[in-house]
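These notes are about the structure you will find just below.
Lettering follows sequence order; numbering is per chain, from 1.
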Amino acid sequence: MNDSREHQRQALLGFLRSIQKAGRPVTDLTDSDSLVASGLIDSLAILQIVTWLETTCGIDFAVRGVAPEELATIGGILGVIDQESGRSPA
Amino acid sequence: MLMQLQVGSLIEPFSGRRWVPEEVHRQTALRIGRFQALGVRPGDRVFLPFGNRLEFFAELLAIWRSGACAVPVDARLTAFEVSNLVRAATPVLAIADEATPAEVTAALTEAGVRVLATTETGASPGAAGDLRLDDDALILFTSGSTGDPKGVVHTHRSLRARWTGLHDHLPGAAFARSLCMLPTHFGHGLICNSLFPWLSGQDLFITPPFRPDLVARIGAVIDEHAITFLSSVPAIWKLALRLARPPQRGSLQRVHVGSAPLSAAAWEDIRRWTGTRQVCNAYGITETGSWVAGLADADVPAEDGLIGTGWGAVIKVLSSDDTTELPAPELECGPGESGYVWLNTPALMKGYFRRDDLTARAVAGGWFQTGDIGCLDERGRLLLRGRERDEINKGGMKIYPADIDAVVERHAAATDVCAFALEDPIYGQSVGMAVVLGDASDAAIASLHAWMKSHLAEHKLPARWWLLAEIPRTSRGKINREAVRTACAARPALDLPALLARAGGA
């Protein structure tokens, strides 16, 4: 994994810690674990993830569109960041 | 004159399943036969810990035509909460589906309630008995799931009065193809968004509730099924406005937003997205059969808190909230003057189930004291200005702090507690909790957290905790939730995720 992606991952984990429900450390999750099914966040918290991606990564979902399943996992969110920054997923 | 009920078609747009009225009647008859075979009698109560699918509506009609009373139950409740409701309502039977959590089914069975799958109908249709208008039809538990449950009882008469009131005030054609994305265990979703159009012979499109992946497709669903009407809550609209493409075909004729305050800005956003000016803030309370006021013609300038006029209800704003005396004319506030909102409607509940004490505290001579603060403008339109009721409105779902306090107080580590409303960017409000602990060790806090998880439904769990030395109280010893909120706002919340990780309580 390159430095930039690791940086994005740490930033994402830090954000998820700030909105997560208590009871499950975010570090326990793999990239493919569902954030909602694992109990880490509420289903509607996807809106907070969208807002975070817009403000910290400059992604314009009004233009790009969004499929909630893309944002269902840590790997999925990092994949969206990669796509928008023109990188290939690591 | 009460309206004649006549079902329309039921459609699940995401699964593609559809029942035309003849199939609804067949499915209902099979369930009536099943209830007769099981010995369900008039006056019995039947729990429905499932919903938002075709079979739910056939169960509801079959229960009613058997003379029994339906009790839709939120399947997200914990086993503890379900057991409490069983003790309060003593159901003879529960009907579930494959989505009903195993712990809910187990709690019902353990409490001696037989649980059947909704698909277990048997093969012999039954004939409907006479339906009596003043029989209990529906009980919706709104609070007290952890202590003394508060169940709103509606009779067939009060429900029909609600639908008749809506029928008289709203344009029927707008409801021809209605979409419900709200849960069917709460009044807004069930009585008004679903049953009002469907039992007026209109087609009802029903989806699983509060699913972001489905909300993201709402524009496409509206177009594909030529949806004319839908109702929702502001939190869902926040999601839809961000995630879903707007409908393109102009089928929507009317949109209601309810169960939580709607700002003028959000109102205009929804108008732009839906393509119709007929968007209104529908004021509803479970006790009045949900939607009780709004704008029949909603093409007016959006305004914070604007509701409109009564739909089969008389609205008064009084300077008093005292239900020990009849509302008197001299108590009425003038135009623009804020006071307590009272309602008089034939759709008013029969009362709280086996809780005459609570009914007496809410109703005076047929007038219902809503607990809301508002005013009437020069045109007699209601504007809501606030809420005096002690509740947390999380995206339209009402959570009662006393339910949370009652659970926490029973844990050995807690000596005092106060749950309260926190501002939330998505839900409008979420749950905060101030707690005084006799033992504030990581292990004790982790134990309290585990205790709460096993006793409170997920959506009631506090998002933030504060540890205080004492809970601020009034001079009369009552908890002052506003003072608690202020005290907590001035200090950082407990980092519960980190603490639980340390304590191994994950």
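- With a threshold of 4.5 angstrom between heavy atoms, B:Ile236 approaches chain A through side-chain atoms but not through N, CA, C or O.
- The shortest heavy-atom contact between B:Val417 and B:Glu409 is CG1-CG, 3.6 Å.
- Applying the ring pair (Phe, Tyr, Trp, His ring centres under 6.0 Å) test to B:Phe205 and every residue at least two apart in sequence or in another chain returns B:His225.
- Proximity to chain A is absent for every atom of B:Arg217, based on heavy atoms less than 4.5 angstrom apart.
- Among all heavy-atom pairs drawn from B:Ile218 and B:Ala240, the shortest one is CG2-CB, 4.2 Å.
- Contacts of residues 47-56 of chain A with chain B at a heavy-atom distance below 4.5 Å involve A:Leu47, A:Gln48, A:Val50, A:Thr51, A:Glu54, listed in sequence order.
- For B:Arg53 and B:Glu98, the salt-bridge test passes: some basic side-chain N is under 4.0 Å from an acidic carboxylate O.
- Taking the ring pair (Phe, Tyr, Trp, His ring centres under 6.0 Å) definition, one finds that B:His185 meets it with nothing, sequence neighbours left out.
- Both the backbone and the side chain of B:Pro212 come within contact range of chain A, with heavy atoms under 4.5 Å apart.
- Using a 4.5 Å cut-off between heavy atoms, B:Phe210 contacts chain A through its backbone alone, with no side-chain atom that close.
- Residues B:Lys394 and A:Asp42 are paired through a salt bridge, judged by an N-O separation under 4.0 Å between the basic side chain and the carboxylate.
- Among residues two or more places apart in sequence or in another chain, the ring pair (Phe, Tyr, Trp, His ring centres under 6.0 Å) test is passed with B:Phe420 by B:Trp466.
- The minimum heavy-atom distance linking B:Ala444 with B:His411 is given by the pair O-CE1, 4.1 Å.
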